[in-house]
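Contents: one structure, followed by commentary.
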Amino acid sequence: MSTIYIVEDDRNISEIESFSLKNSGYDVAVYENAGSFYQALKIKVPNLILLDIMLPDEDGLTIVRKLRENSLTRKTPIILVTAKTTEIDKVKGLDIGADDYLTKPFGVMEMISRVKALLRRSGEDKGDKCLSIGRIFLDRERHAVYVDHKLCELTYKEYELLKLLMLHAGIVTSRDEILNQVWGTDFQGESRTLDMHIKTLRQKLGEAGAMIKTVRNVGYILDSVIES
């Protein structure tokens, strides 16, 4: 399921956008200002961003520039939403890195169509190719993990374990589920195997490994960002 972030300070508009996108099968999160949006990006990079150009704390065009300068969000599809109707404003948005735009007022069906088309073009409708949480970046196509933009060498099981925790970020994953997903339903070994893999994974991730937290008698969770 593709994740879409809506950055819009008008609740009437964001509620319509969110409701329509959720009904179309997308995972949606809404942010009313740039500050809360930036915090969310530290936890997860979405598959697409629907960005209002007029926000209370920062201009949408400035946000686009910052996203395109960041290696983790450089290729994230962005649709600008603006009340401005002059051609020069649309061109400016596209020139600095936005992929498409919607001019208020717009129809729900038009919005959904543009979202689907952009996700198809970017390939993001085939599932999350990359996962980004805090200082950890996982590239599923290259089967590689980076911490603070540096390659982190993991074994196959460590990689699969980290991927599972990142896919369930913020949610406790039980020991049984981890063993079934990573080691297989026919696994006959000791559950201590999981604990040892968690230990080595934390060590290899360095300070970012502190994001993996133990939930006593339940399992593990990849939780909030660990600040440097």
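Each residue takes its place number in the sequence, starting with 1.
A distance-only check finds no donor-acceptor pair linking the side chain of D9 to the backbone of E32 [under 3.5 Å]. Between the T73 side chain and the T76 main chain, no donor and acceptor come within less than 3.5 Å of each other. N47 contributes a side-chain N or O that, together with a main-chain N or O of T3, makes up a donor-acceptor pair within less than 3.5 Å. Checked by atom type and distance alone, the side chain of R68 pairs as donor or acceptor with a backbone atom of G97 at under 3.5 Å. Here the side chain of T62 pairs no donor or acceptor atom with the backbone of E58 at under 3.5 angstrom. The backbone N or O of L118 sits nowhere less than 3.5 Å from a side-chain atom of D100 that would complete a donor-acceptor pair. Listed for the K213 side chain is no donor-acceptor partner under 3.5 Å among the backbone atoms of D223. The main-chain N or O of L72 is found under 3.5 Å from a side-chain atom of N70 such that the two form a donor-acceptor pair. Of the possible donor and acceptor atoms, one in the side chain of H197 sits under 3.5 Å from a partner among the backbone N and O of T193. Within the 3.5 Å criterion, the main-chain N or O of R11 finds a donor-acceptor partner in the side chain of S14.
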Under the side chain to side chain donor-acceptor pair (under 3.5 Å) criterion, do N33 and S36 qualify, and how do the steps go? CA-CA 6 Å; N33 52 61; S36 59; 3.0 Å; yes
Please evaluate residues K116 and L48 with respect to the criterion side chain to side chain contact (heavy atoms under 4.5 Å, CB included), reporting the C-alpha separation (whole Å), side-chain torsions for both, the decisive distance (0.1 Å), and the verdict. CA-CA 10 Å; K116 288 182 177 180; L48 183 143; over 6 Å; no
Begin from the C-alpha positions of I136 and M211 and carry the test side chain to side chain contact (heavy atoms under 4.5 Å, CB included) through to its verdict. CA-CA 10 Å; I136 305 172; M211 294 172 61; 4.2 Å; yes
Steps toward side chain to side chain contact (heavy atoms under 4.5 Å, CB included) verdict (M111, L50): CA-CA 10 Å; M111 177 191 70; L50 205 59; 3.8 Å; yes
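Here the straight-line distance linking atom CD of E160 with atom OG1 of T155 works out to 10.0 Å at 0.5 Å rounding. Taking OG1 of T200 as the reference point, atom CD of E158 lies at 4.0 Å (rounded to 0.5 Å). For the atom pair L201 CG and K157 NZ, the distance stands at 14.0 Å (nearest 0.5 Å). With values rounded to the nearest 0.5 angstrom, L164 atom CG is found 5.5 Å from T173 atom OG1. In this structure, L222 CG and M166 CE are separated by 6.5 Å, a value rounded to the nearest 0.5 Å. The structure places CG of D52 at 11.0 Å from CG of L102, a figure rounded to the nearest 0.5 Å.
Under the 4.5 Å side-chain heavy-atom criterion for Ile, Leu, Val, Met, Phe, Trp and Tyr, Y220 and W183 are members of the same hydrophobic cluster. Residues L165 and V147 fall within the same hydrophobic cluster, defined by Ile, Leu, Val, Met, Phe, Trp and Tyr side chains chained together at heavy-atom separations under 4.5 Å. Hydrophobic clustering of Ile, Leu, Val, Met, Phe, Trp and Tyr side chains at less than 4.5 Å, counting indirect connections, keeps V218 apart from I178. Two different hydrophobic clusters hold L161 and V172 under the rule that ILVMFWY side chains link at heavy-atom gaps under 4.5 Å. Note on Y101: it does not cluster hydrophobically with I13, by side-chain heavy-atom contacts below 4.5 Å among ILVMFWY residues.
Among all heavy-atom pairs drawn from I96 and L61, the shortest one is CD1-O, 3.3 Å. Heavy-atom minimum distance, R175 versus G219: CG-CA, 3.8 Å. Considering every non-hydrogen atom in both S18 and V28, the closest pair reads OG-CG1, 3.7 Å. Between A208 and R135, the shortest heavy-atom contact is CB-CB, 4.4 Å. A pairwise comparison of heavy atoms in S20 and I16 identifies OG-O, 2.8 Å as the closest pair. Taking both residues in full, the closest heavy atoms of L162 and L154 are given as CD2-CD1, 4.0 Å, listed atom of the first, atom of the second, then distance.
Here the side chains of L205 and C152 are in contact, with some heavy-atom distance below 4.5 Å. Looking at heavy atoms from C-beta onward, L119 lies in side-chain contact with S2 at the 4.5 angstrom threshold. Here the side chains of L138 and K163 are in contact, with some heavy-atom distance below 4.5 Å. Under the 4.5 Å side-chain criterion, counting only non-hydrogen atoms from C-beta, P46 is in contact with L41. Contact of the I6 side chain with the L21 side chain is registered, since non-hydrogen atoms from C-beta on lie closer than 4.5 Å. Side-chain atoms of I63 and I49, non-hydrogen and from C-beta on, never get closer than 4.5 Å to each other. The shortest distance between side-chain heavy atoms of F106 and E17 falls below 4.5 Å. Using a 4.5 Å heavy-atom cutoff, the side chains of L51 and V81 are not in contact.
Salt-bridge formation is not detected for the pair E69/R65: no Lys NZ or Arg NE/NH1/NH2 atom is positioned less than 4.0 Å from an Asp or Glu carboxylate oxygen. Here D95 does not pair with K92 in a salt bridge; the nearest charged N to carboxylate O distance is not below 4.0 Å.
Environment of CZ in F19: sparse, with no more than 12 heavy atoms of neighbouring residues, nucleotides or ligands closer than 6.0 Å.
Relative ring orientation between F137 and Y146 is described as tilted, the plane-to-plane angle lying within the 30° to 60° band. Ring-plane geometry between Y31 and F37 is classed as tilted, the angle between the planes lying from 30 to 60 degrees on a 0 to 90 degree scale.
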